[in-house]
Amino acid sequence: MSTLPTDGFMRHIRACNTATLPGKRLPFRVNGVLAGYVDPEIVPALKEMGLTEDSASGGLSLADPARLESIGEELAHRGLYRTHNELFDVWGDDGQPPLGRIDRGALPLFGFVGVGVHLNGLVRKEDGLHLWIGRRARNKRLDPGKLDHLVAGGVPAGLTPDAAILKEAEEEASLPPDLVKRDAKKVGLLHYALERPEGLRRDRLVCYDLVLAESFQPMPADGEVEEFLLLPIGEVFRLVRDTDEFKFNVNLVLIDLFLRIGLIDPESEEGKALRRGLQGDTR
């Protein structure tokens, strides 16, 4: 494919990398391992629950990881965040087992890493490559009505990204698990650290490609998607470059796709800068 004008992409990457760590947040250690950066507003509540100050880092420390779930429940009870009623793993060092688990809605309060999966649903037609796009339901608490991937979601506690993408694909788009397991290809891992109204988002996005037959028609299954649209890749490119129609982090996964398929030259200076930015380096 020939490359197209690319002004406007870096703004999405910068918008997803607004956090300076630790900034005003306090380092938060779980069983001695740095796991997050806690919002100062919840520090008094955490101290009331018996968490101790870490003299070495100037932050807070939790010796017993098993308490994370109950601490999250107490913070929700105090009205400090809205519970999702879904547990996510709390991660420390890369490659190590999770330290514990906490309600998904509490992750930004602590600046814990959240892991998500995104799937590009691709269709090759005679007139070129197309992409299935979902429109988020208007009652979603985060970015209602925005454009989204065919399949995307968080990775709940105890699941791997591969298991989560199977679950989300069936729930969101009625994709047969056997098809996804056989044909979905893991293509990348993106990072960003973002200040949002709900707190600090430190996300890892595991990206997948899935080539689908022209005859396939996704069907919303769990009420989280309002409709699905099959758009030419050039139109998706334009929407990302020129608008804010997509959910904030979906733009990053699509920029990664544009680099991989050559819509943006990955060897150009801009392409290299975008690739660095997708790993959290926006210098």
Side-chain angles (χ1 to χ4, degrees), residues 16 82-91 98 101-108 112-123 130-192 194 196 198 201-213 216-231 236 246-257:
C16 284
R82 290 176 59 193
T83 180
H84 282 239
N85 296 310
E86 181 180 25
L87 294 175
F88 267 41
D89 288 318
V90 174
W91 298 96
R101 51 183 58 183
I102 199 167
D103 187 85
R104 179 179 187 174
L107 294 179
F112 290 148
V113 168
V115 182
V117 289
H118 284 245
L119 184 142
N120 296 301
L122 303 161
V123 179
H130 288 60
L131 188 70
W132 278 109
I133 298 297
R135 185 177 295 282
R136 296 167 67 81
R138 307 286 171 170
N139 61 357
K140 294 279 286 183
R141 71 169 70 178
L142 180 63
D143 289 346
K146 290 277 191 176
L147 298 179
D148 206 334
H149 274 100
L150 174 64
V151 175
V155 178
L159 291 188
T160 65
D162 287 352
I165 201 69
L166 291 176
K167 171 180 172 291
E168 293 292 335
E170 187 171 22
E171 291 178 355
E172 291 190 354
S174 304
L175 275 161
D178 289 346
L179 170 67
V180 178
K181 188 173 184 179
R182 184 186 70 234
D183 294 339
K185 307 299 183 186
K186 191 180 296 182
V187 293
L189 177 64
L190 312 181
H191 302 260
Y192 59 84
L194 163 67
R196 291 274 297 187
E198 64 269 23
R201 294 280 300 260
R202 293 171 63 220
D203 290 347
R204 300 175 189 162
L205 304 184
V206 184
C207 308
Y208 296 79
D209 284 352
L210 176 63
V211 178
L212 295 162
F216 175 75
Q217 176 65 51
M219 297 292 293
D222 62 2
E224 295 191 3
V225 179
E226 182 177 294
E227 62 176 342
F228 288 108
L229 308 166
L230 184 61
L231 300 181
V236 178
F246 279 97
K247 178 175 174 277
F248 70 97
N249 57 4
V250 173
N251 291 294
L252 274 58
V253 181
L254 293 174
I255 292 167
D256 171 75
L257 174 65

- Message: Tell me every residue that passes salt bridge (charged side-chain N to carboxylate O under 4.0 Å, His left out) with Lys186, counting only those two or more places apart in sequence or in another chain.
- Response: Asp162
- Item | Closest non-hydrogen atom pair, Pro161 against Val117 | O-CG1, 3.6 Å
- If every non-hydrogen atom of Pro177 is compared with every non-hydrogen atom of Leu166, which pair is closest and at what distance? O-CD2, 3.4 Å
- Nearest-0.5 Å distance that lies between atom SG in Cys16 and atom CG in Leu194: 5.5 Å
- Task: Test Phe246 against Lys146 for side chain to side chain contact (heavy atoms under 4.5 Å, CB included), laying out the working first.
- Result: CA-CA 5 Å; Phe246 279 97; Lys146 290 277 191 176; over 6 Å; no
- Are side-chain heavy atoms of Ile133 and Leu150 found at a separation under 4.5 Å? no
- Main-chain N/O of Leu205 paired to Asp203 side chain as donor or acceptor, under 3.5 Å: no
- Result of checking Leu122, Leu175, Leu230, Asp183 against Leu212 for side-chain contact (heavy atoms from CB on, under 4.5 Å): Leu175
- Query: Do any N or O atoms from the side chain of Asp89 and from the backbone of Pro98 form a donor-acceptor pair under 3.5 angstrom?
  - Reply: no
- Distance (rounded to the nearest 0.5 Å) between Leu257 CG and Cys207 SG: 9.5 Å
- Evaluate the side-chain proximity of Trp132 to Gln217: yes if any heavy-atom separation is below 4.5 Å, no if none is. yes
- Message: When you compare the side chain of Lys247 with that of Arg136, does any pair of heavy atoms fall below 4.5 Å?
- Response: yes
- Message: What I'd like to find out is whether the side chain of Val206 reaches to under 4.5 Å of the side chain of Ile165, using heavy atoms alone.
- Response: no
- Can you tell me if Asn120 and Tyr208 form a side-chain donor-acceptor pair at under 3.5 Å? no
- Hey, does Leu231 have a side-chain heavy atom less than 4.5 Å from the side chain of His130? no
- Task: Find the distance between CG (Leu179) and CD (Glu170) and round it off to the nearest 0.5 Å.
- Result: 11.5 Å
- Item | Separation between CD of Glu172 and CG of Leu119, rounded to the nearest 0.5 Å | 10.0 Å
- Query: Would a distance-only check, ignoring hydrogens and angles, find a side-chain to backbone donor-acceptor pair under 3.5 Å from Ser174 to Pro218?
  - Reply: no
- Item | Exercise: identify the closest heavy-atom pair between Glu86 and Pro156 | OE2-CG, 3.4 Å
- Query: Do Arg196's NZ or CZ and the ring of Phe248 fall within the cation-pi criteria of under 6.0 Å and 45°?
  - Reply: yes
- Task: To the nearest 0.5 Å, tell me how far Arg204 CZ sits from Leu190 CG.
- Result: 12.5 Å
- Item | Where Ala173 and Phe216 come nearest, the two heavy atoms and their spacing | O-CZ, 4.1 Å
- Item | Rounded distance [0.5 Å steps], CG in Leu107 versus CZ in Phe88 | 6.5 Å
- Task: Might you point out which heavy atoms bring Glu168 and Gly153 nearest each other, and give the distance in Å?
- Result: CD-CA, 4.0 Å
- So, Arg104 side chain and His84 main chain: donor-acceptor pair closer than 3.5 Å or not? no
- Side chains of Arg202 and Phe112: closer than 4.5 Å at any heavy-atom pair? no
- Task: Would you please name every residue forming a side-chain contact (heavy atoms from CB on, under 4.5 Å) with Ala152, sequence neighbours left out?
- Result: His118, Asp148, His149
